[in-house]
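Chain identifiers are assigned alphabetically (A, B, ...) following the order of the sequence lines, protein sequences preceding nucleic acid strands; residue numbering begins at 1 within each chain. The figures here come from the full heavy-atom set of this structure, side chains too, leaving out hydrogens, waters and symmetry mates.
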Amino acid sequence: MRALRPLFFVVMTLGSAAITYSSLVYFDAEELPPFMLEKLPLPHEELWLGALKVHVSAAAFAFPACLLLLSRTLLKRFPKFHRWLGRINGGVTLFALVPSGFYLSVFAKGGALSTAGFMFSGTIVMFAMTRAIAAARAKDLVTHQRFVLHVVAQMAVAVISRAMLFAADFAGLDSDRAYIASLWIPVIGCAAFVELISPRRNHVPLARPLVARV
Amino acid sequence: MYRLLALSLLVSSAAFAGDDARALIQNTLVTPLKAKEAKQSRFSRARIPPQARRVRVLEEKTDSAGEKFVSFAIDSSYGFGGSADEDEWDKNTTTGCVYVGKQEVFVKFGATFRPAAVLLGKKTEAADARVCRPNTEVSAR
């Protein structure tokens, strides 16, 4: 598992960068992005596009920040920076990323199943981030780590599901079914995986805080 | 003899309208769209662009303003399975109409039609309610 850690960081960093790069088109005032064209007709196009801009901006900050916050080196050498980055990231996630994601999920491709999938993922992020912040304030680092990993795992869904969508298109699978499967499988899989690898207070001595397992 | 001549003229003019409509759709929509999609990121939640498109010209009708239009449908072939097999084509991925005389192409989104430039990323408003709707359909509303 430890050997997979650098691979996870590299893949997720590249994935996050690729998503951010492909999202630049959303900020072109002259152009309607292809992702939006799929959704037309929308009841409030400008509101939807505004929410999308907030969502991708928040994600472009929050996901790389989460990856940085998992760094043991950063935590050891710059604990104050870790705390401040964590606070900012918590705010961006709870007040920009999740609310905009909830709104966008209402218009998700694939209908109610997709909407439910995005809302479920958003609820995990919101709940886990709140618990992670509360645990950090209570200096319960084991619980903090567990819930932070849940947040990171749900953000990683963005990368995993896009990779699955690409593979599904390559295989010529039905687009709508592939979209729903590429959402639900990583959402549940990532949550289950974190539960599987997360240390519990009963099992891990308190002298070993923040075990870096991803 | 005259009837046969009139019928052949009618058939050939309909064929010309169909050919003109197809050429217009190809030149103003399909070809520029393919060029645009070549630059589009594949790492997105937007559907990956099709490998191929084919235009089917349907029928000529008249709208409530008395203008003739030709309805059309575009089928798309996604993935890398090739487009030789009929099953590989998704039917009616885009539908719309063409005003050949005015060189205008419209595409359907839900219950409304918009200028085809919207598919090329241009911001457009929904077209007038009469556009692409046969006279009977508009009067029935």
Chain B contact via [X] - which portion, at a heavy-atom distance below 4.5 Å:
X: A:Tyr179; answer: side chain
X: A:Val159; answer: both
X: A:Glu38; answer: side chain

Does B:Arg56 pair with B:Asp75 as a salt bridge, N-O distance under 4.0 Å?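 Counted as a salt bridge, because a side-chain N and a carboxylate O are separated by less than 4.0 Å.
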Using a cut-off of under 4.5 Å for heavy-atom pairs, which of [options] has the most such pairs with chain A?
options: B:Gly121, B:Ser44, B:Pro49; result: B:Gly121
options: B:Asp90, B:Thr112, B:Val118; result: B:Val118
options: B:Arg42, B:Lys36, B:Arg114, B:Lys122; result: B:Arg114

Would you check if the side chain of A:Gln145 reaches a backbone N or O of A:Ser198 as a donor-acceptor pair within less than 3.5 Å?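 Checking the backbone N and O of A:Ser198 against the side chain of A:Gln145, no donor-acceptor pair under 3.5 Å is found.
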Within 45 degrees of the axis of the six-membered ring of A:Phe35 and under 6.0 Å from its centre: does A:Lys39 put its NZ or CZ there?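 So A:Lys39 does make the cation-pi contact.
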Relative to each other, are the rings of A:Phe120 and A:Trp184 parallel, tilted or perpendicular (30° and 60° limits)?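 Rings of A:Phe120 and A:Trp184: parallel, under 30°.
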Whether the A:Ser161 and B:Arg45 side chains hold a donor-acceptor pair (N or O, under 3.5 Å, no angle test) is what I'd like checked.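 Checked: A:Ser161/B:Arg45 side chains pair up, N/O donor to acceptor below 3.5 Å.
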